[in-house]
Engineer: 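Attaching a single structure in structure tokens format; questions to follow.
Whatever order the structure lists them in is the order used to number ligands and atoms, beginning at 1. Model, not experiment: these values are computed from the prediction.
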Amino acid sequence: MAETAYVALGSNLEQPDLQLQRAVDDIDSMPQITVAACSRLYRSDPVGPPGQPDYCNAVVAVNTTLAPLRLLDALQSIENAHGRVRSVRWGPRTLDLDIILFGNRCIESERLTVPHYQMRVRNFVLCPLLDVAPDLELPDGTLLQVMVDELGYQGLNVIADRYPWF
Ligand code: ROI
């Protein structure tokens, strides 16, 4: 049975806007994964160590018959194909693909925590998520819209409206 999951995309190296557009196409071309909706494209102030370039961020809704860890494998293979090197914690990256929600599931395993453990404090995740899922509730019943109203859009700029962005 297909389930809907939400994937957050981020990049601040090597043409971040194009990295994200290619990543959406790569996700959609994976077996057993279909991109059902794509957010607007945002430029965002970096959270974490200062002195790194601005980020581009977006969120996609995917329908998938893969189990959560198999979806994670698929996304990590795309990150690696984009030249992702894991170095500095919270440092710059060519492509970050995070599973933020998977159906209504709560998952705590060594490799994967869903809902994503920091999504509630990151407007660069919540605001694009709202584009694709305006009525969404988290598994604990919290309304996404309420979280977005609390965090606001500070540091975020919409740079493209409709996918394909370019
Ligand atoms: N900051 C922004 N604005 N966007 C990101 O995607 C992002 N990703 C990260 C850290 C380094 C925490 N900062 C970020 O992993």
Engineer: Please evaluate residues R120 and D140 with respect to the criterion salt bridge (charged side-chain N to carboxylate O under 4.0 Å, His left out), reporting the C-alpha separation (whole Å), side-chain torsions for both, the decisive distance (0.1 Å), and the verdict.
Structural biologist: CA-CA 12 Å; R120 287 170 183 273; D140 71 359; 2.6 Å; yes

Engineer: Suppose I only count heavy atoms of N57 and a 4.0 Å limit; which atoms of ligand 1 are within that range?
Structural biologist: 2 (C), 3 (N), 4 (N), 5 (C), 6 (O)

Engineer: Counting heavy atoms only, name the option from L9, V47, L156 that's nearest to atom 13 (N) of ligand 1.
Structural biologist: V47

Engineer: Could you check whether Q145 and D149, counting side-chain N and O atoms only, form a donor-acceptor pair closer than 3.5 Å?
Structural biologist: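 The criterion, which ignores hydrogens and geometry beyond distance, is satisfied for Q145 and D149.
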
Engineer: Please report the shortest heavy-atom distance between A23 and L97, naming the atom on each side.
Structural biologist: CB-CD2, 4.4 Å

Engineer: Please classify the D96 to ligand 1 contact at 4.0 Å (heavy-atom distances, strictly less than): side chain, backbone, both or neither.
Structural biologist: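 Contact part for D96 vs ligand 1: side chain (C-beta onward).
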
Engineer: Locate the shortest heavy-atom distance separating D54 from N12; write the atom from each residue and the value.
Structural biologist: O-CB, 3.1 Å

Engineer: With a cut-off of 4.0 Å, which atoms of ligand 1 are near a heavy atom of D45?
Structural biologist: 2 (C), 3 (N)

Engineer: Could you walk me through whether R70 and D73 satisfy the salt bridge (charged side-chain N to carboxylate O under 4.0 Å, His left out) test, starting with their C-alpha distance in whole Å, then the side-chain angles of each, then the deciding distance to 0.1 Å, before giving a yes or no?
Structural biologist: CA-CA 5 Å; R70 297 291 81 77; D73 290 338; 2.7 Å; yes

Engineer: If I compare all heavy atoms of V114 with all of L101, which pair ends up nearest, and what's the gap?
Structural biologist: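 Heavy atoms of V114 and L101 come nearest at CG1-CA, 3.8 Å.
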
Engineer: I'd like to know if S44 contacts ligand 1, where contact means a heavy-atom distance under 4.0 Å to any ligand atom.
Structural biologist: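 It does, in that a heavy atom of S44 comes within the 4.0 Å cut-off of ligand 1.
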
Engineer: So is Q118 touching ligand 1 or not, going by heavy atoms under 4.0 Å?
Structural biologist: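 Distance cut 4.0 Å: Q118 fails for ligand 1.
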
Engineer: For G10, is at least one N or O under 3.5 Å away from an N or O on ligand 1?
Structural biologist: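 No: no nitrogen or oxygen of G10 is under 3.5 Å from one in ligand 1.
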
